[in-house]
Amino acid sequence: MPIIRHPHQFNESSLFIDLQDVLSHRLYLKIEGFNLAGSIKLKPAVEMVERAEREGRVGPGSVLVESSSGNLGVALSMIAASKGYRFVCVIDPRCNPATRQLMESLGAQVDLVTEPDPVDGLLGARLNHVRELCESDDRYVWLNQYTNSGNWGAHYRWTASEIDAQFPELDVLFVGAGTTGTLMGCARYFHEHRPDVRIVAVDAVGSVTFGGPPATRLIPGLGMSVRPPQLDESLIDDVVLVEELDTVRTCHRLAGSGFLLGGSTGTVVHGAMTWLSGHRTRDVTAVAISPDLGRPYLDTIYHPDWVLDHFGAAALARDDAPTAPDRRSGLVAEPRHPAAAPATDSVAASSPRSPSQ
């Protein structure tokens, strides 16, 4: 084991789970939650802070500020504490209570925004609050994960290359879409180094990222109420949209086999199962990315009362992963790589990179 001086110096990057026994599909899951921040967001947090330091935008007396649904806020709280910076994280009510407590325990100031912007929803309100803070005091430095190239650059540099090294035979990669930092970093890497690898974006129903109508979402991590500035759809082959009910049920199914993983993981795994069920997948090597572990979700996704209140008893029922494309999940099925074309016409096709609902 390594000996470290700073918490962000440790990150287990080579752990993959073979889910075939759990889901009856050949799918490998890259686990990104084994670091002291607890999520994949440690990578862009380190990249953005250290880049700002190199550029002279951050130094003694600086106050870091960021809008976050939770995981990036925890990573930045940890890094700020280690480096001696103050940090203000702007969240909305979807942030898990345990995640907020983690940030505050690490010394961060957490500002909760509860009234959505009339046009851009809760995310818009969070961004408005960040701008107001920065205008009030020039010590505030907004890292701005939504436009900062260090967000996607961290995953180009680390996440994608880690997957490539482990799976030289990779055929398809499933990546959740939030700010699209992970998605764009991986997509750019494989577009340049392994253009034969198919990139499938997985998003939540109610997100506007790929042109769908906005709707209320309860689970943090994936989905946006404004179009992500970093998104380049030309680098994406397919898109799958997943209902939050299916997210919850997939999380419970994984937990039933001993893998307690986060909400975004449930979304990505369900999306991967939907896509694989509708395509020729014999001998296909598929990898999905799991952004975090399940403990921060004990009060929500894994709490029976919360699940019953928001999704009803159906969310607590256990069954198999979908054996055919879920009728509630939008799926772009026009392939860039002909070898992976849909096996049947049961997969609803639409124009490339424009998911139907």
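Atom set for the values below is all heavy atoms of this structure, side chains included, hydrogens, waters and symmetry mates excluded. One-based numbering along the sequence shown.
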Between the side chain of [X] and the main-chain N/O of [Y], is any donor-acceptor distance below 3.5 Å?
X: Asp203; Y: Gly223; value: yes
X: Gln9; Y: His6; value: yes
X: Asp305; Y: Asp309; value: no
X: Asp171; Y: Thr285; value: yes
X: Arg51; Y: Val46; value: no
X: Ser225; Y: Asp120; value: yes
X: Gln20; Y: Leu27; value: no
X: Thr265; Y: Ser290; value: no
X: His191; Y: Cys186; value: no
X: Arg249; Y: Gly266; value: no

Using 0.5 Å steps for rounding, measure from the [atom1] atom of [X] to the [atom2] atom of [Y].
X: Thr159; Y: Leu183; atom1: OG1; atom2: CG; value: 12.0 Å
X: His129; Y: Asp92; atom1: NE2; atom2: CG; value: 12.5 Å
X: Leu293; Y: Asn35; atom1: CG; atom2: CG; value: 8.5 Å
X: Phe311; Y: Glu243; atom1: CZ; atom2: CD; value: 9.5 Å
X: Leu218; Y: Thr300; atom1: CG; atom2: OG1; value: 9.5 Å
X: Asn128; Y: Glu115; atom1: CG; atom2: CD; value: 13.0 Å

In one Ile/Leu/Val/Met/Phe/Trp/Tyr side-chain cluster, 4.5 Å: [X], [Y]:
X: Leu64; Y: Val88; answer: no
X: Met224; Y: Val240; answer: no
X: Val208; Y: Leu127; answer: no
X: Leu23; Y: Val284; answer: yes
X: Ile163; Y: Tyr189; answer: yes

Close side-chain approach of [X] and [Y], heavy atoms under 4.5 Å:
X: Phe190; Y: Leu170; answer: yes
X: Phe16; Y: Val287; answer: yes
X: Cys251; Y: Tyr302; answer: yes
X: Leu316; Y: His252; answer: yes
X: Asp292; Y: Leu261; answer: no
X: Gln230; Y: Tyr146; answer: no
X: Val63; Y: Val141; answer: no
X: Thr274; Y: Val242; answer: no

Check your understanding: Would you call the rings of Phe167 and Tyr28 parallel, tilted or perpendicular if under 30° counts as parallel and over 60° as perpendicular?
Key ->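 Tilted: the ring planes of Phe167 and Tyr28 meet at 30° to 60°.
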
Angle class for the Tyr156/Trp152 ring planes (parallel below 30°, perpendicular above 60°, tilted otherwise)?
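Rings of Tyr156 and Trp152: perpendicular, over 60°.
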
Does this structure show an ion pair linking [X] with [Y], if we count only N-O contacts that are shorter than 4.0 Å?
X: Glu66; Y: Arg126; answer: no
X: Arg100; Y: Glu104; answer: yes
X: Glu47; Y: Arg157; answer: yes

Shortest non-hydrogen contact between [X] and [Y], atoms and distance:
X: Leu298; Y: His303; answer: O-CB, 3.3 Å
X: Ala255; Y: Leu260; answer: CB-CD1, 4.0 Å
X: Ala125; Y: Val113; answer: CB-CG1, 3.4 Å

Would you say the side-chain atoms of [X] and [Y] include a donor-acceptor pair closer than 3.5 Å?
X: Gln109; Y: Asp111; value: yes
X: Asn11; Y: Ser13; value: no
X: Asn96; Y: Asp299; value: no
X: Glu12; Y: Ser14; value: yes
X: Ser161; Y: Asp164; value: no

Exercise for the section: Decide side chain to side chain contact (heavy atoms under 4.5 Å, CB included) for Val49 and Lys83; before the verdict, give the C-alpha distance in whole Å, the side-chain angles of both, and the deciding distance to 0.1 Å. Expected result: CA-CA 10 Å; Val49 171; Lys83 290 177 174 286; 4.0 Å; yes

Atom [atom1] of residue position [X] - does it have more than 12 heavy atoms of other residues, nucleotides or ligands inside 6.0 Å?
X: Arg188; atom1: CZ; result: yes
X: Arg139; atom1: CZ; result: no
X: Phe34; atom1: CZ; result: no
X: Gln101; atom1: CD; result: no

- Task: Determine, stepwise, if the pair Asp238 / Trp275 fulfils side-chain hydrogen bond (donor to acceptor under 3.5 Å, both in side chains).
- Result: CA-CA 9 Å; Asp238 297 327; Trp275 192 95; 2.7 Å; yes

Exactly one candidate in Glu32, His155, Lys43 meets side chain to side chain donor-acceptor pair (under 3.5 Å) with Thr182; the answer is His155

Can I get a per-line list of side-chain donor-acceptor pairs under 3.5 Å for residues 172-179, giving both atom names and the distance, sequence neighbours left out?
residue, atom, partner, partner atom, Å
Thr179, OG1, Asn151, ND2, 3.0
Thr179, OG1, Gly181, N, 3.3

Note to self: I'd like to know whether Ile289 forms a side chain to side chain contact (heavy atoms under 4.5 Å, CB included) with Ile31, so could you lay out the CA-CA distance, the side-chain angles of the two residues, the decisive distance to 0.1 Å, and finally the verdict.
What the structure shows: CA-CA 7 Å; Ile289 298 175; Ile31 301 299; over 6 Å; no

